[in-house]
Number of protein chains: 2
Amino acid sequence: MIERTANLLGVVGVMVADAIEQTARDVVRHAGETPAALVVIGYGFGPSNDRLRRILGLSHPGTVRLVDRLVRDNLVERRPDLKDRRSISLHLTPQGEQAREAFLKGRLAAIAQVIEPLSTAECEQLTGLLRKMLSSLDPSDEQRCYLCRLCDDRVCTNCPIPADFRADVASA
Amino acid sequence: MIERTANLLGVVGVMVADAIEQTARDVVRHAGETPAALVVIGYGFGPSNDRLRRILGLSHPGTVRLVDRLVRDNLVERRPDLKDRRSISLHLTPQGEQAREAFLKGRLAAIAQVIEPLSTAECEQLTGLLRKMLSSLDPSDEQRCYLCRLCDDRVCTNCPIPADFRADVASA
DNA sequence: AGCAATTATGTGCGCTGCGCACATAACGTC
DNA sequence: GACGTTATGTGCGCAGCGCACATAATTGCT
C-alpha cells in the first residue's frame with residue numbers, strides 16, 4: 001500500500017517543514033523565502049536580484065522587497081556590479097553570515113530531533129531511501145536549485161541533486 | 001553521520017510540504033491553515049470555533065477569519081450549537097466535502113510521486129522508519145492534533161500518533 | 001553611430017493570512 | 001441577580017507576496 005507510506009511521509013514532511021520554519025522565525029525573524037535567500041546569498045557568489053529571484057521562485061518585486069528586509073536588518077548589502085551597472089551583487093554582512101550559520105545549525109538540530117529515535121543502522125537505511133527519492137527526480141535546473149535552497153552544503157556530501165548555482169561559487 | 005541524514009530529510013520534508021501546499025492552492029485556493037481546517041472540520045464532529053483554533057494552533061481571530069473565508073466559498077457552514085448558544089458548530093457543505101476529498105486525494109498523489117522510485121520492499125522499509133519516528137515523539141495531545149491536521153484518515157491505519165479529536169468523531 | 005528591443009532594478013497598489021486589543025453575548029457560580 | 005468565565009465576532013495593523021508600471025543600462029541591428 002503505497003498510500004499508507006505516502007500518508008506517513010506527508011505527516012513527517014510537514015513536521016520537518018514546520019520545524020525548519022520555526023527555526024527561521026526564531027533565528028532570522030522572517031518567514032517565507034527570506035531564510036532561503038540568506039542561505040543562497042551566503043554561498044558568496046554575489047548573485048544579482050534576478051539570479052536570486054529565479055533560484056527562490058519568487059516574482060521580481062517580491063525579491064526586491066525580500067532583499068529590502070534583509071538590508072534593513074543589516075544581514076545583506078547590495079554592492080554595485082562592476083561589469084553590468086544595471087545589476088547589483090548581493091553579499092552577506094558579518095551579521096548575515098552569523099545569522100546564516102545559526103539558522104543552518106538550528107535547522108539541522110530541529111531535524112535531528114525527528115530522527116533521533118532511529119538507530120545508526122536505521123539512519124543509514126533512511127539515508128539510502130532519501131537519496132534514492134532525490135536522485136530519481138527529473139527536475140529542471142531551476143527546480144533543483146529550488147529544492148536545495150535550504151540545504152546545508154557543509155554536510156551535503158555527494159549530493160544527489162547538485163544545484164547548478166553551486167558552480168558559481170567556484171567562479172566567484 | 002546523523003547530520004547528513006538530517007540534511008537529506010530536510011530537503012525531502014520541504015519538498016513534500018511544498019507539494020502539499022501546491023495541491024492546496026490548486027484545489028482549495030487557499031494557503032496557510034485553511035486546507036487543514038477543511039480536513040479537520042470534515043471529520044464531522046462539528047467542532048466549535050475554539051476547538052478548531054486549538055487543533056490548528058491559530059489565534060482566535062485568525063480562526064474566525066479562516067472560517068469566514070470557508071463560508072464565503074460555500075465550503076463550510078456555521079450551525080448553532082443547541083447545547084451552548086454561544087458556540088457554533090462547523091460543518092462542511094457538499095461542496096466542502098468535495099473539496100476535502102479532492103485535496104486529500106491530490107495530497108496523496110503529490111507525495112506518491114516522491115516515493116514512486118522506491119520498490120515495494122523499500123516502501124515497507126520507509127514505512128517502518130517513519131512509524132518509528134512518529135511513535136517515538138512525546139507530544140502533548142494538542143501537538144498530536146496539530147501533526148495530524150492534514151492526515152488522510154481513510155488510509156491511516158494503526159496510526160502511530162492518534163490525535164484525540166478523532167474520539168469526538170465517534171460521539172458526533 | 002544611432003535607435004529599438006531586451007534586461008535589471010525599483011515603486012505604487014492591493015491581496016491573503018495572521019495576531020493583538022477590544023467588544024459583545026451566553027454560561028456558570030455564588 | 002451580579003460577577004467572573006467562556007465563545008464569538010470586529011477594528012486595526014503587519015508580513016510576505018504578485019501585478020502593473022516606471023526607469024536605467026546593455027545589446028543588437030542597421
Side-chain angles (χ1 to χ4, degrees), chain A residues 17-18 20-22 24-38 40-41 46-73 75-91 146 149-150, chain B residues 17-18 20-22 24-38 40-41 46-73 75-91 146 149-150:
Chain A
D18 283 351
I20 293 176
E21 186 175 336
Q22 192 53 53
R25 285 189 186 280
D26 292 345
V27 175
V28 190
R29 318 270 284 190
H30 288 292
E33 299 299 331
T34 313
L38 208 61
V40 171
I41 296 173
S48 69
N49 211 329
D50 195 61
R51 190 93 175 82
L52 183 66
R53 178 189 83 77
R54 268 189 274 269
I55 295 173
L56 299 182
L58 290 180
S59 71
H60 161 52
T63 310
V64 173
R65 301 286 152 78
L66 191 162
V67 173
D68 284 346
R69 291 194 291 273
L70 292 173
V71 169
R72 179 164 46 78
D73 292 354
L75 300 177
V76 162
E77 61 176 4
R78 290 186 233 242
R79 297 184 194 160
D81 183 333
L82 303 177
K83 316 200 173 186
D84 187 337
R85 279 182 310 179
R86 292 171 301 180
S87 294
I88 56 169
S89 179
L90 298 169
H91 294 269
Y146 187 63
R149 70 197 189 278
L150 287 176
Chain B
D18 284 351
I20 293 175
E21 187 174 335
Q22 193 52 53
R25 285 188 186 278
D26 292 344
V27 175
V28 190
R29 318 271 283 191
H30 288 292
E33 299 300 329
T34 314
L38 207 63
V40 171
I41 296 172
S48 68
N49 211 327
D50 195 60
R51 189 94 174 82
L52 183 65
R53 178 189 82 76
R54 269 189 273 269
I55 295 173
L56 300 184
L58 289 179
S59 71
H60 159 52
T63 310
V64 174
R65 302 286 153 78
L66 191 161
V67 173
D68 284 345
R69 291 194 291 273
L70 292 173
V71 169
R72 177 163 47 78
D73 293 352
L75 299 176
V76 162
E77 63 176 3
R78 291 186 233 239
R79 296 184 195 160
D81 183 334
L82 303 175
K83 317 200 172 183
D84 187 338
R85 280 182 308 180
R86 293 171 300 181
S87 292
I88 58 170
S89 178
L90 297 169
H91 294 269
Y146 187 64
R149 71 195 188 279
L150 287 175

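To find a chain, count down the sequence lines: A is the first, B the second, and so on, and within it residues start at 1. Here the structure is a predicted model, which is why all the values come from computation and not from measurement.
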Checklist entry - Among all residues two or more places apart in sequence or in another chain, which pass the salt bridge (Lys or Arg N to Asp or Glu O under 4.0 Å) test with A:R54? => result A:D50
Item to check | Counterpart residues, salt bridge (Lys or Arg N to Asp or Glu O under 4.0 Å), relative to A:R85 (two or more places apart) | outcome: none
Checklist entry - Looking only at side-chain N and O atoms, does B:R65 come under 4.0 Å of OP1 or OP2 in D:dG9? => result no
Item to check | A:D73: partners by side chain to side chain donor-acceptor pair (under 3.5 Å), with sequence neighbours left out | outcome: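 Partners of A:D73 under the side chain to side chain donor-acceptor pair (under 3.5 Å) test: A:H30.
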Next on the checklist: Rounded at 0.5 Å granularity, tell me how far CD in A:E33 sits from CD1 in A:I55.
Outcome noted: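 Nearest 0.5 Å value for the CD-CD1 distance: 11.5 Å.
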Checklist entry - According to the side chain to side chain donor-acceptor pair (under 3.5 Å) rule, which pairs have a member within residues 56-68 of chain A, sequence neighbours left out? => result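 Pairs touching residues 56-68 of chain A that pass the test: A:D68-A:R78.
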Checklist entry - Just by distance, do the side chain of A:R149 and the backbone of A:Y146 share a donor-acceptor pair under 3.5 Å? => result yes
Next on the checklist: Treating primed atoms plus P, OP1 and OP2 as sugar-phosphate and everything else as base, which nucleotides of nucleotides 1-9 of chain C get B, S or - for protein heavy atoms under 4.0 Å?
Outcome noted: ------BSB
Checklist entry - Among residues 25-33 of chain A, which residues get a heavy atom nearer than 4.0 Å to DNA chain D? => result A:H30, A:A31, A:G32, A:E33
Next on the checklist: Does any part of the side chain of B:R53, heavy atoms only, come nearer than 4.5 Å to the side chain of B:R51, both counted from C-beta?
Outcome noted: no
Output the rounded distance in Å from [atom1] ([X]) to [atom2] ([N]).
| X | N | atom1 | atom2 | value |
| --- | --- | --- | --- | --- |
| A:R85 | D:dT23 | CZ | C1' | 15 Å |
| A:L82 | D:dA25 | CG | C1' | 14 Å |
| A:D68 | D:dC17 | CG | P | 13 Å |

Checklist entry - Hey, are B:R86 and B:D84 close enough for a salt bridge, meaning a charged N less than 4.0 Å from a carboxylate O? => result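 Yes.
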